[in-house]
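Within every chain, numbering begins at 1; the chains are lettered A, B, ... in the order of the sequence lines, protein sequences first and strands thereafter.
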2 protein chains.
Amino acid sequence: MGIVERRERLRNQVRSDIVKTAKEIAREDGWTAVSIRKIAEVIEYSPPILYEYFESKDKLLEAIRVEGFDFLQAEFVKIKSHFRNPEKQLSEVARCIWVFSVENPEIFQVMFNLEGAYCDSKRVYSHAMNIRDNPVWEMIAVLRPKSGEMVTKTYYEWWCLTYGFISITMTTQPRYAFAQAEPIYMEGVRRFIKSIM
Amino acid sequence: MGIVERRERLRNQVRSDIVKTAKEIAREDGWTAVSIRKIAEVIEYSPPILYEYFESKDKLLEAIRVEGFDFLQAEFVKIKSHFRNPEKQLSEVARCIWVFSVENPEIFQVMFNLEGAYCDSKRVYSHAMNIRDNPVWEMIAVLRPKSGEMVTKTYYEWWCLTYGFISITMTTQPRYAFAQAEPIYMEGVRRFIKSIM
DNA sequence: CAGAGAATTTAACCCTGTTAAGTTAAAACT
DNA sequence: AGTTTTAACTTAACAGGGTTAAATTCTCTG
């Protein structure tokens, strides 16, 4: 009975087509241009079909947001195992976020509601910020072995710094200026790391 | 001929009613709930009237954004003249931004496109970030007398730090948690100031 | 009081997310 | 194989959004 498997495969295909199309439109014309109807047109289905895969537009954005956070989380885990020095680990994490935001601006925008992207789900934010199993939290804990509460505070600051930098740059600077903004960002990060050591 | 003056007064009244209503709706139900039609209903005019005062919804938001930046700018000037010590000046500026964001969340949201507020105008951002006549830039220049380019870099970092902190807090934390987030913010700001001295 | 001008509204256009009802196509059963 | 059930999909509509042209009402002037 390959029928049910084939159907399942087709379902997954359509689902990923929806996500892919949303990102493509966003990348080309910004998230304000992304609509259910436009996605439907591209994947050659009628609009209501999308509701077979996502219960709302917001949930579709949430899926993309989760994808982004999960990807970064996985990268952080890799960095943690590839480098010993927590200072080095943190600066690599910072660089990783930067590169991600430059290469996948449309995902980053959904993750942080930038440039007209708007997704309600705060749940995901909180999850990403969560201490549990968070490699960056642990890096900071090694770098600055204090109470858990203190580490959480520092982690919060780290988060604000990197987020602030990238989102301000993404929002105010034109694309071509990103390259020259990166060293300023990395220098700021390094200064922060030094200031907490 | 008081007629033309009376008309002018009425025009100003209606204009400020529009702005006020927009902010009120935003404060109560968030910016996603703000629509031309709803504002019109509250001020007891038909929707097209708003276009006699603002050429688009975006321009209305821009006006509110400008208002916010202008207010802060004026506060910074006051701080600059009230305190001598640049370190003190900067921490007062930071506190000022924080207080403003807590007391006027809806304006802050428009200024930085937070929580569903979306205004296209990058012009205003750039203007606010601009070096010309910028009191904060000058504070940093006094605190850390280096080349203009270096000061601009540091000013950029300052901007990213404060913005990152407040927007992350506003987006992820519930209202009641703001009070406990403030000292973390102020501590981060102080550490930043120390790190550039 | 009639007419010119400004002020305001009505009605429409085209967009959006979303849903109920109807239709077509595919699978299952007798 | 033909009928029936069920899954897949589309059409049409609702409610609401920003915006604009045309029609209307009001106000002031001569």
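- The main-chain N or O of A/Val110 is found under 3.5 Å from a side-chain atom of A/Arg65 such that the two form a donor-acceptor pair.
- What separates CD of A/Gln13 from C1' of D/dA8 is a distance of 17 Å, to the nearest Å.
- Between A/Lys38 and A/Glu55, the one whose closest nucleotide on DNA chain C sits nearer the 5' end is A/Lys38.
- Open room surrounds CZ on B/Arg95; 12 or fewer heavy atoms of other groups in view lie less than 6.0 Å from it.
- When all heavy atoms of B/Ile107 and B/Gly68 are compared, the closest pair comes out as CG2-CA, 3.8 Å.
- The interatomic distance linking B/Arg15 (CZ) with C/dA7 (P) rounds to 16 Å, in whole Å.
- Checked against C/dG17, D/dT10, D/dT20, the side chain of A/Tyr45 finds its nearest nucleotide in D/dT10.
- Across every non-hydrogen atom of B/Leu143 and B/Ile196, the tightest pair is CD2-CD1, 3.7 Å.
- Between A/Tyr51 and C/dT19 there is no side-chain polar atom (N or O) within less than 4.0 angstrom of OP1 or OP2.
- On a pure distance criterion of 3.5 Å, no polar donor-acceptor pair joins the side chain of B/Arg37 and the base of D/dG16.
- Nucleotide D/dA8 holds its P atom 19 Å from the CD atom of A/Glu44, rounded to whole Å.
- Between A/Ile49 atom CD1 and C/dG22 atom C1' the separation is 14 Å, expressed in whole Å.
- One finds a side-chain N or O of A/Arg6 lying less than 4.0 angstrom from the OP1 or OP2 phosphate oxygen of C/dA27.
- Residue A/Arg7 contributes atom CZ, which lies 11 Å from atom P of C/dA26 at whole-angstrom precision.
- Nucleic acid contact for B/Glu52: base, since at least one base atom lies under 4.0 Å from a heavy atom of the residue.
- In this structure, A/Tyr53 atom OH and D/dA8 atom P are separated by 8 Å, rounded to whole Å.
- Taking a 6.0 Å sphere around CD of B/Glu41, one finds it holds 12 or fewer heavy atoms contributed by other residues, nucleotides or ligands.
- The separation between A/Ile43 atom CD1 and D/dC9 atom C1' is 12 Å, rounded to whole Å.
- Look at A/Ser35 and you'll find a side-chain N or O under 4.0 angstrom from OP1 or OP2 of C/dT16.
- With rounding to whole Å, A/Tyr118 atom OH is found 15 Å from C/dG17 atom C1'.
- Two residues, A/Leu10 and B/Pro47, neighbour DNA chain D, and the one matched to the more 5' nucleotide by heavy-atom proximity is A/Leu10.
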